[in-house]
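Accompanying notes for the structure given below.
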Amino acid sequence: LDGFPIFLGYFPTAIAFGLVCRNINISLINTTLISMTSFAGSGQFLMVNLLSNGALLFELFISILLINLRYLFMGASLNQRLPSDIKFLQKIIIAFSTTDEIFSVAILKPQQLNFKYLFSLELTSYSGWVLGTIAGYIIGIALPCKLQLALSITLYAMFASLLGNETRKGGYKILIVGFISAAINSFLITVVDLAIGWAFVIAMLSATII
């Protein structure tokens with residue numbers, strides 16, 4: 001019951017991810033494996049964007065590590081709500097499937113969390129993401145090419161929504177940091193002619209320090 005609303009939210013976003021992957025000629029198997037092994041929406045969109053621009057594996061690693069670093073703190077917070085006798089393997093399973101939405105739902109539960117509840121919550125949400133990815137890729141086969149390209153705007157919409165959410169919490173200073181980061185990224189790509197992957201990493205690190 002708690003996971004189904006997340007399922008409904010993840011499914012259409014994952015459809016967009018499947019379409020984006022198909023547009024840059026990633027196979028259905030690899031697209032599905034990305035969603036099955038990553039389960040990180042913004043990280044996955046970032047990954048395929050960097051891949052399509054010829055970024056190196058190391059650039060992908062650093063970029064995705066930085067954008068997903070917040071899950072360390074979410075995991076630490078959830079860990080304090082788990083029973084002391086929970087097994088290490090169960091912790092790994094819970095940690096893998098922790099996302100922003102799952103964390104928000106779980107952390108607001110008044111009672112102590114347990115593996116059965118978290119596994120059910122995460123499996124329901126995970127199913128929405130993986131099934132949506134497959135559906136998006138298959139739908140892309142039937143959609144006209146121009147419509148598929150138009151739907152790829154969801155990549156930018158997703159990051160815009162993340163920025164909007166942070167701005168509501170942090171105010172105009174967040175926008176200033178975002179503008180500086182974007183300016184650094186644009187300068188490194190257009191003026192310095194640096195590879196897009198490295199430009200993104202430098203801009204992200206700069207924003208973090210600022």
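With rounding to the nearest 0.5 Å, the separation of CD1 in I174 from OG1 in T167 is 6.5 Å. Here the CG atom belonging to N68 is positioned 12.0 Å from the OG1 atom belonging to T98, to the nearest 0.5 angstrom. With rounding to the nearest 0.5 Å, the separation of CG in N25 from CG in N30 is 12.0 Å. From L82, atom CG reaches atom CD of Q80 across 10.0 Å, with rounding to the nearest 0.5 Å. Residue Q111 holds its CD atom at 7.5 Å from OH of Y117, rounded to the nearest 0.5 Å. Rounding to the nearest 0.5 angstrom, the gap separating the CG atom in N114 from the OG atom in S120 is 8.5 Å.
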Let me check something: any side-chain donor-acceptor pairs from residues 202-210 under 3.5 Å, sequence neighbours excluded? List them with distances.
from	atom 1	to	atom 2	distance (Å)
S206	OG	I202	O	2.7
T208	OG1	M204	O	2.9

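The side chain to side chain donor-acceptor pair (under 3.5 Å) search around T31 returns none, not counting sequence neighbours. Under the side chain to side chain contact (heavy atoms under 4.5 Å, CB included) criterion, L51 pairs with I26, M47, L60, sequence neighbours left out. In this structure F115 satisfies the side chain to side chain contact (heavy atoms under 4.5 Å, CB included) test together with I86, Q90, I93, I94, F119, sequence neighbours excluded. The side chain to side chain donor-acceptor pair (under 3.5 Å) test applied to S186 returns no partner, not counting sequence neighbours. Among residues two or more places apart in sequence or in another chain, the side chain to side chain donor-acceptor pair (under 3.5 Å) test is passed with S181 by none. Taking the side chain to side chain contact (heavy atoms under 4.5 Å, CB included) definition, one finds that S52 meets it with I24, N49, sequence neighbours left out.
The salt bridge (Lys or Arg N to Asp or Glu O under 4.0 Å) contacts involving residues 104-119 comprise D2-K109, where partners must be two or more places apart or lie in separate chains. Contacts classified as ring pair (Phe, Tyr, Trp, His ring centres under 6.0 Å) and involving residues 46-97 (residues at least two apart or in different chains) are given here: F58-W198. Residues in residues 78-101 take part in these salt bridge (Lys or Arg N to Asp or Glu O under 4.0 Å) pairs, two or more places apart or across chains: R70-D100. Sorted pairs that involve residues 18-37 and meet ring pair (Phe, Tyr, Trp, His ring centres under 6.0 Å), not counting sequence neighbours, are lacking altogether.
Of all heavy-atom pairs spanning F45 and T13, the tightest one is CZ-O, 3.7 Å. The shortest heavy-atom contact between I15 and A135 is CG1-CB, 4.3 Å. What you find for V201 and S63 is that their closest heavy atoms are CG2-OG, 3.2 Å. Heavy atoms only, all atoms of each residue included: T133 and S35 are closest at OG1-OG, 2.8 Å. Summarising the geometry of A106 relative to L121, their closest heavy-atom pair is CB-CD2, 4.2 Å, with the distance given to 0.1 Å. Residues C21 and V48 come closest through the heavy atom pair SG-CG1, 3.6 Å.
Within the 4.5 Å cutoff, side-chain heavy atoms of T32 are placed close to those of M36. Between R22 and I141 there is a side-chain heavy-atom pair separated by less than 4.5 Å. Proximity of L19 to Y137: side-chain heavy atoms (C-beta onward) are nowhere separated by under 4.5 Å.
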* Step-by-step side chain to side chain contact (heavy atoms under 4.5 Å, CB included) determination, I184 to L188 -> CA-CA 6 Å; I184 292 171; L188 291 174; 3.9 Å; yes
* I6 vs T124, side chain to side chain contact (heavy atoms under 4.5 Å, CB included): CA-CA, chis, key distance, verdict -> CA-CA 8 Å; I6 303 177; T124 305; over 6 Å; no
* Going through the distances and angles, do F39 and V130 end up as a side chain to side chain contact (heavy atoms under 4.5 Å, CB included)? -> CA-CA 8 Å; F39 191 35; V130 175; 6.0 Å; no
* Evaluate the side chain to side chain contact (heavy atoms under 4.5 Å, CB included) criterion for residues Y126 and W129: first the C-alpha distance (whole Å), next the side-chain angles of each, then the deciding distance (0.1 Å), finally the verdict. => CA-CA 5 Å; Y126 179 79; W129 185 256; 5.7 Å; no
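The same ILVMFWY cluster, assembled from side-chain heavy atoms under 4.5 Å apart, contains both M74 and L108. No path of Ile, Leu, Val, Met, Phe, Trp and Tyr side chains, each step under 4.5 Å between heavy atoms, connects L1 with I102, placing them in separate hydrophobic clusters. F103 and L123 fall within a single hydrophobic cluster, where Ile, Leu, Val, Met, Phe, Trp and Tyr side chains are chained together by heavy-atom contacts under 4.5 Å.
A donor-acceptor pair under 3.5 Å is formed between the side chain of Q44 and the backbone N or O of A40.
For the side chain to side chain contact (heavy atoms under 4.5 Å, CB included) criterion with S125, the lone passing option out of Y10, F4, F7 is Y10.
In this structure, L33 shares a hydrophobic cluster with I29, the cluster being traced through Ile, Leu, Val, Met, Phe, Trp and Tyr side chains under 4.5 angstrom apart.
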